[in-house]
Peer 1: 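Sharing a structure here in structure tokens format.
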Amino acid sequence: MSAAGVLSFAQQGWEQVLAKVKWSVVYLDAASAESLHWSCGASRLLEAVKGPASHLREFEPHAIGGRAQQPRAVFVLSCLLKGRTVDTLRDIIRRSHFQYCVVVTAVSHAVHLTANHVPAAAAAELEGQQPVFEQLEEKLCEWMGNVNYTAEVLHIPLLLAPAAPHLAFTPAFATLFPLLPRDVHLLNSARPDKRRLTNLSEVDATALTPELLLHIRCLVSGLSSLCEHLGVREECFAVGSLSRIIATDLANYAPAKNRKKTATGRASVVFVDRTLDLTGAVGHHGDNLVEKVISVLPQLPGHTNDVMVNMAELTAIPAMEENQDVIAPGCLAQSNDASAKALWEALLNSKHKEAVMEVRRHLVEAASRENLPIKMSMGRVTAGQLMSYIQLFKNNLKALTNHCGLLQLGMATVQTLKHPQTAKWDNFLAFERLLLQSLGDSTMTVVLNQLLPMIKSPSQRTSDDYGPEELLILLIYIYSITGESTPDKGLREAEERVKKALAHVFSEEAELSPLLQKITGCDSAINLTFSKSQIAVNDVFTSLQEIAGARTSMRQFKSVYVPGNHTHQASYKPLLKQVVEEIFNPEKTDHVDIEHTSSGLTDLLKTGFSMFMKVSRPHPSDHPLLILFVVGGITVSEAKMVKDLVASLKPGTQVMVLSTRLLKPLNIPELLFATDRLHPDVGF
């Protein structure tokens, strides 16, 4: 059992897929493609296919079918085989000439039974049988046009996109985000005959929408497969309301009962709600190069955890707009390049200055190995200096090929250092530091009044000023770190002034970004009136106030703000840091905010007896492996902080940091103001 388990788990799954794809047309959905991208790369899939790149296709309704000389197909899907997914399968197969079809789903057969409303007792009797998959196999043969053709449907848990030995994401659950108090009202309206829920702490699995519950069960299925791969029986813990529901579902996941009986290892799985601390997610105090790269470079299409790196400068193609799609973009994931992978992992674990120096060192060493005419220069590393090293590889095809991964990471670094948004990073950081010091002496009213002159209409803004999305990021930072404030007349008036200014900014934008379109419900700036902007801004502030009150029910983790004194400045103390310190605090045996979720009668009896007998209750520091899962995303800096903290507090304990996605500041308003939290797309 090693921390590299996340990588071996992902690679083992993909090896099973690769064994099926020879001479096949392969269709992948976006989440499966992202898992492949970080696990072993598309090049490994192409090698296994033994055919041209045209044999890889996106799984979508209008995908090209297989020609007469393409009789084999493999579909790799991250979702349930139900509803729209099955319709798409049918349509692709009917317009093809396939005689052999394999469908791989990342969702277990047990969850397919749940999705088809098979009662738990009946599902238990079907152990070892797979009627849902068998029925689909019959349908596949029917769609291929001959019942004697071959069809196979199987489950392979392609859950993770492993970014490092200690860090992995779940692309199929990138939009899963903890609930807010406003969601309680929506849940109540959907269940008028049942007892009304008054707050998030009362929400359990029975109160959720069928789609969200099924989405969670799909995640739990994958996590159970991970625990099986690691050979561990897990104890589940939770911090936050949605985390509690997920942890409870994993603890009581019926198909895992036999696995848990025979597992020789033990692990603690701690789920944490992102909404309890959005300060770290939108803040700019993480001194990490990768965070800046992810924040300023454009997202790789179809991906949630990687970016596009413009590689045109290493070619002879003129840098003109019409040529921008001619050269395939570079990216950060370098799963098949040992040298680039080593650099990537060093960047994840280094501060900004050290990371830039590490990029220079790798480029210099690569150029030296290729006998390129490198001119050494010491001192501060600049974008121009790095680019001069990269340009040495330009006309040398062998050198380009040998160091392609390294050059992608080098170009990503250069483009980030040169990017105007990188300079703005320091502006954000300065404001955040000022805010931290102000909070000690001032009220929320004063802080909002300081923000007000920074809210400028498009006609007044310069490149150094904040746009609408950036203002939303600052507001989320303010409300998350401040926590719940006692409303008074001054605060209400300050909020109204900020609301009015923000509504004017929204309504005066010449073009609406995708985020503003989502928030305002308008797809064009022409349709966005001031009154519509006001309605949207009121909704935004409702969410902000709910974020400020997110820790109200906490007893230990009530604040992430540490006031200053005569020896120390005021500071931000991340919730994840507090949770990890609490887990490994040798003096604490009872964690009131880290809730253990029981897995049946034995655990309930243990908990009951512990009230009057010396029965030790499960504790998250009991086991040699800690899996920390952040529901709603995590930043690079937070993942490094957790890894380093565990190593210092309890050396020898292994830690895996899992999350739904890798975060940049702009992701949080996108997730926070989403309208489909309760109704994720599960393919129905």
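This structure is a prediction, so every number in the text was calculated from the model and none was measured. Here, residue 1 is the first one in the sequence, and each next residue gets the next number. Keep in mind that the numbers below use all heavy atoms, side chains included, and drop hydrogens, waters and symmetry copies.
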Peer 1: How long is the gap from CG on Leu671 to OG1 on Thr175, to the nearest 0.5 Å?
Peer 2: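 One gets 7.5 Å once the value is rounded to the nearest 0.5 Å.
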Peer 1: Is it true that, when you exclude Leu434 itself, more than 12 heavy atoms of the residues, nucleotides or ligands shown sit nearer than 6.0 Å to its CG?
Peer 2: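 Enclosed: over 12 neighbouring heavy atoms sit under 6.0 Å from CG of Leu434.
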Peer 1: For Ser350 and Glu358, does a side-chain donor sit closer than 3.5 Å to a side-chain acceptor?
Peer 2: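 Short answer, no.
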Peer 1: Without swapping roles, check the side chain of Arg274 against the backbone of Gly633 for a donor-acceptor pair under 3.5 Å.
Peer 2: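 A pair under 3.5 Å: yes.
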Peer 1: Answer yes or no: is there a donor N or O on one side and an acceptor on the other, between the side chain of His155 and the main chain of Thr105, under 3.5 Å?
Peer 2: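 Judged by distance alone, no pair lies under 3.5 Å.
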Peer 1: Counting heavy atoms not belonging to Lys577, are there more than 12 under 6.0 Å from its NZ?
Peer 2: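 Not buried by this count: 12 neighbours or fewer within 6.0 Å.
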Peer 1: Are Ile627 and Val270 side-chain neighbours, meaning at least one heavy-atom pair lies under 4.5 Å?
Peer 2: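 Ile627 does not reach Val270 side chain to side chain.
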Peer 1: So do the side chains of Pro301 and Met308 get within less than 4.5 Å of each other, counting heavy atoms only?
Peer 2: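 Answer yes - side chains close enough.
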Peer 1: Show me the pairs that pass ring pair (Phe, Tyr, Trp, His ring centres under 6.0 Å) and involve residues 343-380, at least two apart or across chains.
Peer 2: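 Checked against ring pair (Phe, Tyr, Trp, His ring centres under 6.0 Å) - neighbours excluded - the pairs reaching residues 343-380 are Trp38-Trp344.
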Peer 1: If every non-hydrogen atom of Ala168 is compared with every non-hydrogen atom of Val6, which pair is closest and at what distance?
Peer 2: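 Here Ala168 and Val6 meet closest at CB-CB, 4.1 Å.
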Peer 1: Could you work out, with side chain to side chain contact (heavy atoms under 4.5 Å, CB included) as the rule, every residue matching Gln460, not counting sequence neighbours?
Peer 2: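 Gln460: side chain to side chain contact (heavy atoms under 4.5 Å, CB included) contacts with Lys456, Ser457.
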Peer 1: In this structure, which one of Leu471, Leu672, Thr279, Ile481 forms a side chain to side chain contact (heavy atoms under 4.5 Å, CB included) with Ile476?
Peer 2: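 So the option named by the test is Leu672.
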Peer 1: Do the charged groups of Glu509 and Arg461 touch, with an N to O distance under 4.0 Å?
Peer 2: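 Salt bridge present between Glu509 and Arg461.
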Peer 1: Apply the test side-chain contact (heavy atoms from CB on, under 4.5 Å) to residues Trp425 and Val296: give CA-CA distance (whole Å), side-chain angles for both, the deciding distance (0.1 Å), then the verdict.
Peer 2: CA-CA 10 Å; Trp425 188 280; Val296 305; 5.5 Å; no
Peer 1: Which heavy atom in Pro61 sits nearest to a heavy atom in Arg95, and how many Å separate them?
Peer 2: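 Scanning both residues, the minimum pair turns out to be O-NH2, 2.6 Å.
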Peer 1: With sequence neighbours excluded, tell me which residues meet side chain to side chain contact (heavy atoms under 4.5 Å, CB included) with Ser43.
Peer 2: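 Partners of Ser43 under the side chain to side chain contact (heavy atoms under 4.5 Å, CB included) test: Asn336.
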Peer 1: Out of curiosity, Asp29 CG to Glu34 CD, how far, rounded to the nearest 0.5 Å?
Peer 2: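 One gets 11.0 Å once the value is rounded to the nearest 0.5 Å.
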Peer 1: Heavy-atom distance under 4.5 Å between the side chains of Glu638 and Ser659, does that happen here?
Peer 2: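 In short, these two side chains do not touch, never coming nearer than 4.5 Å.
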Peer 1: So do the side chains of Gln654 and Leu230 get within less than 4.5 Å of each other, counting heavy atoms only?
Peer 2: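 With C-beta onward as the side chain, the pair stays apart.
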Peer 1: Return yes when atom CE of Met454 has more than 12 non-hydrogen atoms of other residues, nucleotides or ligands closer than 6.0 Å, and no otherwise.
Peer 2: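 Atom CE in Met454 is packed in, count exceeds 12.
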Peer 1: Rounded to the nearest 0.5 Å, what's the gap from CZ on Arg361 to OH on Tyr389? Could you check?
Peer 2: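 Arg361 CZ to Tyr389 OH: 13.5 Å, rounded to 0.5 Å.
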Peer 1: Check whether more than 12 heavy atoms from other residues, nucleotides or ligands sit under 6.0 Å from atom NZ of Lys351, and answer yes or no.
Peer 2: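 12 or below, so no.
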Peer 1: Looking at side-chain heavy atoms only, is the closest gap between Phe75 and Thr88 below 4.5 Å?
Peer 2: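 Of all side-chain heavy-atom pairs linking Thr88 with Phe75, none is under 4.5 Å.
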Peer 1: Look only at the side chain of Arg57 and the backbone of Val25, and say whether a donor-acceptor pair between them is shorter than 3.5 Å.
Peer 2: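 No; zero donor-acceptor contacts below 3.5 Å.
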Peer 1: Give the intermediate values and the outcome of side-chain contact (heavy atoms from CB on, under 4.5 Å) for residues Asn310 and Met411.
Peer 2: CA-CA 7 Å; Asn310 188 336; Met411 288 293 285; 5.9 Å; no
Peer 1: With under 30° as parallel and over 60° as perpendicular, where do the rings of His285 and Tyr477 fit, or are they tilted in between?
Peer 2: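 Geometry flag for Tyr477 against His285: tilted rings.
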Peer 1: Of the non-hydrogen atoms in Ser637 and Asn288, which two are nearest, and what is the gap between them?
Peer 2: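 Residues Ser637 and Asn288, closest heavy atoms: OG-CB, 3.8 Å.
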Peer 1: Just by distance, do the side chain of Ser35 and the backbone of Ala31 share a donor-acceptor pair under 3.5 Å?
Peer 2: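 Such a contact is absent between Ser35 side chain and Ala31 backbone.
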Peer 1: Within this structure, what is the CG-NZ distance for the pair Leu407 and Lys394, rounded to the nearest 0.5 Å?
Peer 2: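 Here the rounded value is 12.5 Å.
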Peer 1: Determine whether Leu392 and Leu363 satisfy the following criterion, side-chain contact (heavy atoms from CB on, under 4.5 Å), listing intermediate values before the conclusion.
Peer 2: CA-CA 10 Å; Leu392 296 172; Leu363 287 171; over 6 Å; no
Peer 1: Considering all heavy atoms of both residues, which atom of Ala174 and which atom of Thr304 are nearest to each other, and what is their separation?
Peer 2: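 In terms of heavy atoms, the two residues are closest at CB-CG2, 3.7 Å.
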Peer 1: Run the side chain to side chain contact (heavy atoms under 4.5 Å, CB included) test against Lys22 and tell me which residues pass, sequence neighbours left out.
Peer 2: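 Applying side chain to side chain contact (heavy atoms under 4.5 Å, CB included) to Lys22 gives Lys50.
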Peer 1: How close do Phe271 and Val631 get, heavy atom to heavy atom, and via which atoms?
Peer 2: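 Closest approach of Phe271 to Val631: CD2-CG2, 4.4 Å.
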Peer 1: Would you say the side chain of Leu626 lies within less than 4.5 Å of the side chain of Lys650, judging by non-hydrogen atoms?
Peer 2: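 When only atoms from C-beta onward are counted, Leu626 and Lys650 do not touch, as no gap falls below 4.5 Å.
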Peer 1: Let's go through His229 and Ser8 carefully: what are the C-alpha distance in whole Å and the side-chain angles of both, what is the deciding distance for side-chain contact (heavy atoms from CB on, under 4.5 Å) to 0.1 Å, and is it a yes or a no?
Peer 2: CA-CA 9 Å; His229 173 80; Ser8 64; 2.9 Å; yes
Peer 1: Quick check for you: to the nearest 0.5 Å, what is the distance between Phe673 atom CZ and Leu515 atom CG?
Peer 2: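 Reported to 0.5 Å precision, the distance equals 7.5 Å.
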Peer 1: Taking atom types as modelled, is there a side-chain donor on Glu370 or Asn396 under 3.5 Å from an acceptor on the other?
Peer 2: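 Asn396 and Glu370 do not have a side-chain donor-acceptor pair below 3.5 Å.
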Peer 1: Would you call Glu670-Lys518 a salt bridge at under 4.0 Å N-O?
Peer 2: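 The answer is no: the pair does not qualify as a salt bridge.
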Peer 1: Sequence neighbours left out, what pairs pass side chain to side chain donor-acceptor pair (under 3.5 Å) with at least one residue falling in residues 407-420?
Peer 2: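 Every pair satisfying side chain to side chain donor-acceptor pair (under 3.5 Å) with a residue in residues 407-420: Gln334-Gln408.
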Peer 1: Do any N or O atoms from the side chain of Ser480 and from the backbone of Asp277 form a donor-acceptor pair under 3.5 angstrom?
Peer 2: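 Here the side-chain-to-backbone pair does not exist.
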Peer 1: Counting N and O atoms only, with roles assigned by atom type, does the side chain of Gln517 sit under 3.5 Å from a partner on the main chain of Leu512, one being a donor and the other an acceptor?
Peer 2: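 Between the backbone of Leu512 and the side chain of Gln517 there is a qualifying donor-acceptor contact (under 3.5 Å).
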Peer 1: Which value, rounded to the nearest 0.5 Å, describes the distance between Leu159 atom CG and Phe173 atom CZ?
Peer 2: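 Between Leu159 CG and Phe173 CZ, I get 6.5 Å after rounding to 0.5 Å.
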Peer 1: Sub-3.5 Å donor-acceptor pair from the side chain of Glu291 to the main-chain atoms of Ser295, do we have one?
Peer 2: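 It does not hold such a pair.
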Peer 1: Measure the acute angle between the ring planes of Phe98 and Tyr27, then classify it against the limits of 30° and 60° as parallel, tilted or perpendicular.
Peer 2: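 Taking Tyr27 first and then Phe98, their aromatic rings stand perpendicular (interplane angle over 60°).
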Peer 1: Is the shortest side-chain N to carboxylate O distance from Glu345 to Lys341 below 4.0 Å?
Peer 2: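 Here Glu345 does not pair with Lys341 in a salt bridge, since their nearest N and O are not under 4.0 Å apart.
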Peer 1: Where the side chain of Asn402 meets the backbone of Ala399, is there a donor-acceptor pair that is under 3.5 Å apart?
Peer 2: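 Answer holds: no.
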Peer 1: Taking the side chain from Gln16 and the backbone from Ile156, do they hold a donor-acceptor pair closer than 3.5 Å?
Peer 2: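 Side chain of Gln16 to backbone of Ile156: no pair is present.
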Peer 1: Could you tell me if the side chain of Thr635 sits less than 4.5 Å from the side chain of Leu662, heavy atoms only?
Peer 2: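 No, side chains not in contact.
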Peer 1: Specify the closest pair of heavy atoms between Gly283 and Pro665, including all atoms of both residues, with the distance to one decimal.
Peer 2: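 So the two residues come closest at O-CG, 4.4 Å.
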Peer 1: For Cys40, check side chain to side chain contact (heavy atoms under 4.5 Å, CB included) against everything at least two apart and list the hits.
Peer 2: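 With neighbours one apart ignored, the set is Trp14, Leu36, Arg44.
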Peer 1: Report the residue from Lys292, Lys424, Glu432 that forms a side chain to side chain donor-acceptor pair (under 3.5 Å) with His284.
Peer 2: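 By the side chain to side chain donor-acceptor pair (under 3.5 Å) criterion, His284 pairs with just one of Lys292, Lys424, Glu432: Glu432.
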Peer 1: Do Glu313 and Val414 have side chains that get closer than 4.5 Å, going by heavy atoms?
Peer 2: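 Sidechains of Val414 and Glu313: no contact.
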